[in-house]
Each structure stands twice: as structure tokens, then as C-alpha cells.
Amino acid sequence: MTDLRHCLLRAAALCCVSGSSFALSPGDVVDDFRLNDQNGLSHELYYLSDMKAVVLLAAGNGCAASRTAAKAVDALRTRYQAQGVEFLAIDSNLKDTPETIAKETKADGTGLPVLTDELQLIGESLGFAHNGEVLIVNPQNWKVIYQGAAEKGGNHYVAAALDATLAGAPVKVSHTDAAGCDIVMPERERRSAHAQISYEKTIAPMLSAHCVACHREGGIAPWQMSNYDMVRGFSPMIREVVRTKRMPPWHADPHYGVFSNDRSLTADETKTLVHWIEAGSPRGGGADPLTAVKKDWPVWALGPPDLVVNLPKFDVPATGVIPYQMWTVDNPLDHDVWVRAVDFLPGARSNLHHIIATIGGEMAPGDKRDNTDGSLADYVPGSEPLQIPPESGILLKKGAKFGFQAHYTVNGKPVSDVTQMGLYFMDKPPQYRYRAAIMANPRIKIPANTKAYTNDAVYKFDREVLVYSLHPHAHFRGAAAEFVAQYPDGHEEVLLNVPRYEFNWQTTYVLKAPIVLPAGTAVKYSMTYDNSTQNKANPDPNRVVPWGQQTWDEMLFGVIRFRYLTLDANPTRTAQTSP
Amino acid sequence: MLLMVLCAAVGAASAGELRPGGHVADFTLKDQTGAAHQLYALAGKKAVVIMTQSDGCPIVRLAVPALREIRERYRSQDIEFLLLNPTLQDTPDAVQRETEEFGFGMTVLLDRTQQVGEAWGVDRTADVFVIDPRTWTLLYHGPIDDRLNYESQRPVHHPYLTDALDALLANKPVAVASVVSPGCLINFPHRKHSYQ
């Protein structure tokens with residue numbers, strides 16, 4: 001009976017609605033997605049696998065039907081959240097921004113997170129047509145169990161569906177007609193045009209530019225974008241990793257800051273790629289540019305280094321969780337030098353996931369050394385060499401030791417790695433020292449079985465500085481990070497928001513235009529940890545997690561690279577001892 | 001009448017999914033070396049365990065050693081362990097290279113026309129199908145356990161596959177018969193997707 005009804009619904013959708021329009025029907029699977037809400041917090045649908053039901057509401061600013069539905073759904077939220085039901089609104093309206101949404105929800109007094117679907121990719125695939133309509137999803141199989149109005153004519157359809165689901169009974173009314181303000185989705189009307197997107201001229205060049213640095217023979221990505229057939233075969237997977245923001249591996253919220261090492265696709269590229277896949281990944285005519293991808297790897301992009309440092313050999317096993325490797329390596333030089341650039345040449349690109357290099361080991365709070373020294377450079381797959389701005393440099397003193405933290409991933413076969421670090425020196429001392437401000441809390445204790453625990457540390461700049469980059473750092477339980485500047489005049493500015501922190505990608509976010517922070521500015525660095533079973537990387541949610549160097553322990557640790565704006569009187573002296 | 005025709009077409013698209021308790025039809029497929037294998041020729045086995053595979057999927061590469069270890073542990077029980085590659089892009093040569101490079105040590109059935117994959121409603125790789133050859137019914141469908149995810153591993157809390165095998169060997173019902181696999185999505189171009 002239910003099948004017949006689905007069938008009739010689908011048939012009605014197929015024959016009675018205009019050709020380009022469609023709606024998800026009860027029984028259809030909802031694909032995974034990740035979106036930020038109006039407050040910059042990240043939400044992933046499939047993270048909610050421990051819920052009994054997920055209620056999704058199509059919402060839009062300035063729409064009476066949406067406001068009425070939002071209030072009804074918010075009231076249900078108060079009633080059902082404790083019973084394991086999650087409620088999320090999704091705003092797919094092009095005119096709405098996180099700022100205007102936050103304003104409206106604040107004015108309405110609703111506590112519902114409103115996810116901003118600025119690319120409309122999620123709203124399109126959910127078949128949202130009107131603000132105010134509701135989808136209920138069963139997290140056991142991600143199938144739709146109800147689609148339609150929140151309530152109508154005194155009938156509380158959503159509440160009835162939730163009561164039935166919580167009681168383990170079938171949902172009696174699984175579809176109603178929802179009215180409300182139309183959601184304008186220009187691309188949904190252009191589905192036939194998406195089949196004309198050129199693989200040769202548009203898709204392959206986009207993949208070459210953004211993906212092939214890793215998705216190539218010997219790269220760290222597990223499969224190679226070596227031709228059309230491979231791309232077509234992995235198309236549904238590409239769509240999933242793009243929709244869930246796993247790839248490309250760039251985790252900054254695009255609403256704050258512009259970064260020179262931004263690895264993400266632009267909004268237009270993302271839409272084009274997903275629409276091409278949804279059109280069936282058509283090959284079209286022309287050559288296959290991906291077959292011409294070069295086979296060699298760059299060797300020392302800046303030319304031969306002045307000093308090459310060999311890191312210890314490491315044998316990577318086929319599988320398992322590998323602890324971070326911590327190494328100390330002697331500096332062979334018998335004189336002080338100033339470093340202007342640092343590069344890495346990995347031995348096993350397929351397994352080396354990151355290196356954090358320091359002079360004298362990783363800085364920790366309470367360290368006797370000046371805490372603006374110590375950081376050197378990081379390696380992540382596909383990264384460019386560190387080139388310190390021309391008037392600045394890092395002092396490498398004779399007799400100092402290099403410290404390395406190396407992170408390897410397993411890929412199913414054993415591999416040996418010897419990585420090299422190349423250093424490039426300056427001819428004469430620079431005007432400024434390239435410094436690092438460390439924000440850390442070694443007394444951190446993350447409670448057990450907690451989905452979101454936030455801790456922060458503050459660094460106050462007592463002189464005017466020019467900030468170059470920001471680096472959040474945590475381990476398996478890191479979930480979200482933020483750097484907020486608190487200016488002397490009292491106003492605050494988000495310098496970097498990382499709504500979904502991913503410990504595998506230890507990214508340094510390099511500001512495209514360095515920013516000036518006036519003397520007296522405090523930067524608050526915060527990290528939110530997920531110590532629950534829903535965090536798939538969490539080795540033990542029952543543990544209260546302390547500070548520690550290893551990935552099963554945690555760190556609240558952020559780094560800001562900067563220089564003082566005024567000339568250093570004597571840059572070879574450390575900040576602590578200079579006036 | 002038009003509605004009936006549409007219903008038949010739509011029904012066919014969703015009826016393909018093989019669920020626990022469902023019947024597994026016979027098939028014959030070649031493996032990566034060209035040798036043919038018929039499912040129902042395994043009628044004398046106590047169980048047939050088939051895991052979906054595609055070249056280049058990190059979850060598969062890390063799951064195969066665990067599957068091999070389980071095969072070893074149940075060696076005396078006469079259970080057949082096979083891999084099934086229902087992709088369009090992986091040629092026999094490519095699959096052979098993958099099995100050698102990663103030391104799979106297992107037979108990979110090549111479903112090059114996606115016939116079995118379509119019939120079973122396969123969605124992802126590293127998805128294990130446990131079949132009871134006495135009745136050719138599906139007993140379990142899901143990952144080996146809850147260890148793997150993309151770029152992360154954690155200790156096993158739910159050994160789904162061995163739980164299912166132990167239940168079968170003890171003639172008991174399988175308690176957890178269906179779990180969503182974290183494996184890689186496989187492209188079935190002829191399948192209708194909800195977004196189309």
C-alpha cells in the first residue's frame with residue numbers, strides 16, 4: 001500500500017508538475033551534506049546518525065509562511081529534542097545571507113539553527129519548492145519518512161510523524177501539499193543545459209587545477225584522476241566529498257578573511273562540477289586533458305637549497321593508527337644564519353600527511369624560551385614552500401636543533417620515507433624578525449562523552465604588528481576553531497573561522513593581504529572538541545582528555561605568524577630581551 | 001493506464017535493492033585472472049561472504065587485511081570469501097595491479113556490466129554481503145565493523161561481520177542485519193538518482 005502511494009506520488013510528480021521540477025518523496029534517500037548555520041557553526045546530516053529522526057525545514061527571510069512554520073517547528077524542537085530528534089532549517093534563498101538570517105531569527109526568538117545553502121545545491125537536491133515545507137529523515141537509512149507542510153488546518157502532521165517514528169510505528173500521513181513562498185532556483189530550471197557542460201573545456205581543467213596535485217600517480221590521494229573513465233567512475237564520490245566539504249581540503253569559512261593558499265573551488269566551480277555530475281557526468285566531445293598530466297614531481301621549486309636537512313627514515317606500516325613521530329636533528333652549521341624560505345621534499349608523498357618543523361622543538365606554555373621564537377615551517381600535501389616576506393627572516397643560531405613532528409597515514413601497503421627539508425638563507429640580516437605568537441592551554445581537560453566542548457587562549461600584542469598567517473592545531477577530537485581579534489577600542493573581528501576542523505589537514509591559513517593589529521589588540525583563539533562516539537576519529541569517548549603531544553591526547557594550540565610594524569632595534573636579540 | 005506504466009517503471013528502479021532476508025539469484029562472473037566463478041557452485045559452503053571493491057578506494061584497501069584475517073580465523077568453518085568489483089572503470093588488468101600492489105590475496109569477481117551490482121542495489125564499496133547457501137538468502141549487509149572512516153581509524157566496538165557469521169554457524173538469527181557502509185560510492189549510470 002505504501003509502495004503504491006509512493007508510486008502514485010512519483011507518477012504525479014513525473015507527469016503533473018512542470019518537467020524540470022521534482023520533489024523528494026517518502027522512501028527516497030537523502031544524500032549527505034554539510035552546511036554552516038547563521039552563526040558560523042557547521043552541521044553535517046550524516047553526523048546525526050545517533051538521532052531517531054531529523055526534521056529539515058525550508059526557511060526564508062520575510063516569508064510569513066516560513067515564519068509560521070519556523071515557530072511551529074521550533075516549538076516541536078523544545079518538545080522532541082530530548083527524545084533524540086534533531087531540527088534544522090535550511091535557507092536556500094539567494095537573497096538571504098548569514099547576517100540577515102541571524103538578524104531575523106534573533107528578532108523572531110527562534111533557537112533553530114538555520115543552515116545557509118548559498119549555492120542552492122542542497123535545496124535543489126532536497127527538492128525544496130516553498131519556504132515553510134518540511135522533510136523528516138530517518139537516520140537509520142537516510143530515507144524520507146514525511147514530506148509536506150509542518151501543519152495545516154489544525155492537523156499536526158510533523159508531530160504525528162514523529163510520534164509514530166518514536167513509537168516504532170509507520171508514519172500514517174507521509175505526504176501533504178505544502179504551500180508557502182516559492183524558492184527561486186535558477187539552476188533547477190536549467191537541468192538540460194547542465195548536460196552540455198564540457199568535460200574537455202570546463203571539468204578536466206578544473207580538476208587539473210584543484211585536484212591533480214594529489215590525485216595523481218604517487219600522490220597522497222588514493223586514486224588518480226588519470227582519465228575521463230576514472231572521473232566518471234568516482235563521480236558520485238566527488239559529489240559527496242564536495243557536498244560534505246571534505247574535498248578540496250580547505251576548511252576556512254569563506255565569510256571571513258582572504259587567504260593566498262586557499263585550496264577551495266569557487267562557488268561557480270562547485271556548482272558547475274556538481275551539476276555536471278548530476279547530469280550524468282557527460283563526456284561530450286574533444287580531447288581528454290587528464291591523460292596528459294605530467295608524471296614528474298617538482299624538485300625544490302625555489303632552486304637548490306643552501307642547506308638540505310635529512311629527516312630520519314620512517315617505515316610506514318600497511319594499516320593501523322600511527323603515533324606522531326617526534327624527531328630532533330642537529331643543525332650542522334657553525335655560524336648563525338637568517339632563513340628566507342623553507343621547502344620540503346617528501347620521500348613517500350603517498351603517506352606523509354604533515355610535518356611541523358621548529359627550531360628547538362615545539363613551543364609549549366611555560367617554556368623558558370621567548371615564545372615568539374621556535375616555529376619554522378609546515379608541510380602539507382600540495383603546499384607551496386614557505387617564503388618569508390622580503391624584509392623579514394627567521395634566525396637559525398649555530399648549535400640550535402631542529403624539531404620535527406611528522407604525521408603519516410596508512411594506505412594498505414608498507415612504505416619507507418626519508419623526507420628532506422631545504423633551507424634558503426638571506427645575504428644579510430633582515431630589518432624584521434619573522435615571529436610566532438603561541439596561544440595554548442596545557443591545563444585543558446575535555447569532558448568524556450561530550451559533542452562540543454570549547455576552550456580558548458588569548459594572546460595580547462603589546463606592540464603594533466603585521467599578521468601574516470594563522471594556524472589552529474588540535475588532534476583527533478578537534479572539531480572547530482576560531483581566531484577573533486579584540487581591538488583596544490572594544491570591537492571584535494573574526495580573523496579566521498574553521499567551522500569543521502580536520503586534524504589530518506594541518507593547514508596554515510596565509511592572509512592574502514597581511515593585516516595590521518594595533519598595540520593592545522588581544523587575539524582569542526578557541527577550539528571546540530568533539531569527544532563523542534559520533535566523532536569517527538575518536539579513539540575513546542569515555543576518557544577525560546588531557547594535554548599531550550600525541551594524537552590520543554589533546555592540545556589547545558594556535559600560532560600566529562607576524563612581525564613588529566616598527567623596526568627591531570636589534571633583530572638578532574629575542575623579543576623578551578629587547579626593550 | 002499511463003499511471004500504471006509509470007508505476008511499473010519507477011517500481012523497477014527501487015525494487016532492485018537486496019535486503020536481509022531477500023533471495024540472492026545465481027550469477028557467473030570472471031575474476032581478475034579470467035577464471036569463471038558461479039555463485040551456486042558454492043552450495044556446499046557454510047556461508048558466502050562477498051565484499052564490494054573498487055580500485056583506489058582507501059576504505060577497501062584498509063578493510064581487505066581485516067577481511068583476510070577473518071578468513072584465516074574461520075578457515076576450519078568452510079566459508080567462502082570473495083571480493084566483487086561492480087565498477088565500469090576498473091579493467092581486469094587494473095584490478096590485477098591493485099590486488100598485487102596491495103597484496104589482497106583474494107579473488108575479485110569482475111561485474112563489468114554491473115548486472116550483479118544493479119540487482120543487489122550496491123551503493124558503496126567495502127560493503128559486505130553474507131549469504132546463506134542453504135537457502136541463498138542474504139543474512140547481513142554492511143561494513144566488516146565500525147573501525148574505518150576516511151583518514152581515520154578507531155578501535156572496533158561492533159564486529160558486525162563476525163557477529164553475523166557466529167550467529168549463522170550457531171543457527172541463530174543475525175541481530176544486526178543491516179548497517180550503512182562508509183565505503184566509496186560507486187557510479188551506476190543507469191540507476192535513477194533522487195536528484196535527477
Side-chain angles (χ1 to χ4, degrees), chain A residues 3-4 6-8 10-12 14-15 22 24-25 27-31 46 49 124-125 127 140-142 191 221-224 227 229-230 232-237 239-241 246 278-281 318-321 353 409-413 476 502-505 533 535-540, chain B residues 2-11 13-15 17 54-66 87-91 94 98 101-104 123-125 146-155 157 178-180 182-196:
Chain A
D3 280 348
L4 178 65
H6 294 172
C7 199
L8 290 171
R10 273 178 175 273
L14 283 171
C15 65
F22 81 104
L24 278 186
S25 302
D28 284 343
V29 171
V30 177
D31 295 330
Y46 284 15
S49 62
E124 285 171 17
S125 68
Q140 293 296 306
N141 51 21
W142 303 112
R191 292 221 176 249
W223 66 278
Q224 289 92 52
N227 57 45
D229 286 344
M230 287 300 287
R232 180 202 193 205
F234 275 89
S235 277
M237 198 65 207
R239 178 175 177 269
E240 178 175 82
V241 297
R246 291 208 325 258
E278 291 178 352
S281 315
T319 187
V321 176
H353 218 307
T409 53
V410 294
N411 68 3
K413 64 175 178 182
F476 289 146
E502 169 53 69
F503 82 96
N504 275 303
W505 293 93
T533 52
N535 174 359
K536 305 285 188 219
N538 189 353
D540 184 3
Chain B
L2 175 64
L3 276 182
M4 293 300 283
V5 173
L6 281 169
C7 283
V10 171
S14 59
E17 194 182 341
S54 79
D55 289 3
C57 176
I59 303 286
V60 173
R61 287 174 180 170
L62 297 172
V64 167
T87 70
L88 293 175
Q89 72 271 17
D90 295 338
T91 62
E98 177 95 358
E101 186 179 355
F102 292 91
F104 279 0
D123 201 25
R124 292 179 185 267
T125 64
D146 59 348
R147 177 177 60 110
L148 293 174
N149 211 280
Y150 293 93
E151 300 194 88
S152 69
Q153 297 191 30
R154 61 179 176 182
H157 282 104
S178 184
V179 178
V180 178
C184 302
L185 284 165
I186 298 169
N187 194 2
F188 289 94
H190 301 297
R191 188 179 292 168
K192 186 189 171 337
H193 295 280
S194 59
Y195 50 76
Q196 284 169 333

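Chain naming here is simple, since letters A, B, ... match the order of the sequence lines and numbering starts at 1 in each.
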Check each atom of [X] against the heavy atoms of chain B and say whether the ones under 4.5 Å are side chain, backbone, both or neither.
X	value
A:Q140	backbone
A:N504	side chain
A:N538	backbone
A:F476	neither
A:A221	neither
A:V29	backbone
A:R239	side chain

Problem set entry | B:N187 side, atom CG; B:S54 side, atom OG - distance, nearest 0.5 Å |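 Taking CG in B:N187 and OG in B:S54, the distance rounds to 11.0 Å.
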
Closest-packed option against chain A by number of heavy-atom pairs under 4.5 Å, given B:Q153, B:E151, B:R124:
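Between B:Q153, B:E151, B:R124, the count favours B:E151.
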
Relative to chain A, which of B:S152, B:P65, B:A66, B:A94 shows the most heavy atom pairs under 4.5 Å?
->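 Option with the greatest count: B:S152.
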
So which atom in [X] and which in [Y] form the shortest heavy-atom distance, rounded to 0.1 Å?
X	Y	value
B:E98	B:G56	OE2-N, 3.3 Å
A:K413	B:F102	CG-CE2, 3.8 Å
B:L88	B:P189	CD1-CG, 3.5 Å

*asked:* Is the shortest side-chain heavy-atom distance between B:D123 and B:R191 below 4.5 Å?
replied: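 Yes. Closest side-chain heavy atoms under 4.5 Å.
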
Is any side-chain heavy atom of B:Y150 closer than 4.5 Å to a side-chain heavy atom of B:C184?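 Yes, at least one pair of side-chain atoms sits under 4.5 Å.
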
Heavy-atom cut-off 4.5 Å, strictly under: side chain, backbone, both or neither for B:I186 against chain A?
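Contact with chain A is through the backbone of B:I186 alone.
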
Pick from [options] with the largest number of heavy-atom pairs that fall under 4.5 Å of chain B:
options	answer
A:M230, A:E502, A:R232	A:R232
A:G412, A:P222, A:S281	A:P222
A:T409, A:V410, A:D31	A:V410

query: In chain order, what residues pass the side-chain contact (heavy atoms from CB on, under 4.5 Å) check against B:V180, with sequence neighbours excluded?
result: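 Not a single residue meets the side-chain contact (heavy atoms from CB on, under 4.5 Å) criterion with B:V180.
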
Q: Could you list the residues that satisfy side-chain contact (heavy atoms from CB on, under 4.5 Å) with B:D146, not counting sequence neighbours?
A: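 For B:D146 the side-chain contact (heavy atoms from CB on, under 4.5 Å) partners, ignoring immediate neighbours, are B:V156, B:H157, B:H158, B:Y160.
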
Next item on the list: Please work out whether the ring planes of A:W505 and A:H353 are parallel, tilted or perpendicular, with thresholds of 30° and 60°.
Entry: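 The rings of A:W505 and A:H353 stand perpendicular, inter-plane angle above 60°.
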
